[in-house]
Amino acid sequence: MGRPLSDHAKKLIDYLDATPATLATASRELGIEYSSANKLINRLRYANRVLVLRKEPMRHCKKRVALYAGSEWVKRNQEAA
């Protein structure tokens, strides 16, 4: 059995279940430090609680940035399609 989710992890899951977002946007909106949010998102991706929708180029950088969504958001939108 895994460890219980922290408050930041719960907030991040709830936020990404409501709307897909990049990691920078989610961490800024929730008031979580970016490096902490990065560690959390990697753990949540491993547990399949958060999924990568796609990677898209952003205007401000040349790297492709991942767009994350919660598993509940993905299920809702697959049922709607």
Side-chain angles (χ1 to χ4, degrees):
M1 191 164 144
R3 295 185 332 207
L5 292 174
S6 67
D7 291 338
H8 286 318
K10 290 176 186 174
K11 281 198 244 179
L12 189 58
I13 290 171
D14 290 342
Y15 184 82
L16 293 174
D17 278 341
T19 180
T22 62
L23 182 58
T25 303
S27 65
R28 187 176 1 164
E29 291 288 323
L30 297 173
I32 303 171
E33 189 176 324
Y34 183 84
S35 60
S36 299
N38 190 31
K39 290 177 186 175
L40 274 176
I41 205 102
N42 287 330
R43 289 185 189 136
L44 293 172
R45 282 180 59 203
Y46 182 75
N48 291 326
R49 299 291 299 266
V50 172
L51 306 169
V52 176
L53 287 182
R54 65 181 177 268
K55 290 190 174 189
E56 56 187 33
M58 299 300 257
R59 290 178 293 181
H60 62 278
C61 63
K62 295 183 183 195
K63 286 177 53 176
R64 296 171 64 84
V65 178
L67 186 65
Y68 297 101
S71 56
E72 294 297 318
W73 185 90
V74 172
K75 286 178 189 173
R76 280 195 313 267
N77 286 307
Q78 284 178 345
E79 292 170 359

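Residue numbers start at 1 and run along the sequence shown.
Checking each of V52, L53, L23 against L67 for a side-chain contact (heavy atoms from CB on, under 4.5 Å) leaves exactly one that passes, namely L53.
Side-chain contact check for K39 versus N42: every heavy-atom pair is 4.5 Å or farther apart.
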List the atom pairs, donor and acceptor, that lie under 3.5 Å between side-chain atoms in residues 8-16 and the rest of the protein, sequence neighbours left out.
none

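With rounding to the nearest 0.5 angstrom, the CD1 atom of I41 is 12.5 Å from the OG atom of S36. Atom CZ in R49 sits 14.0 Å away from atom CZ in R43 (nearest 0.5 Å).
Closest of all the heavy-atom pairs between P57 and R64 is CD-NH1, 3.7 Å. Contact record, S71 with D17: N-OD1, 3.5 Å, taken as the closest heavy-atom pair.
In this structure, the side chain of R45 does not engage the main chain of Y68 through any donor-acceptor pair within 3.5 Å.
Every residue meeting the side-chain contact (heavy atoms from CB on, under 4.5 Å) condition with A24, not counting sequence neighbours, appears here in chain and number order: T22, R28, Y34.
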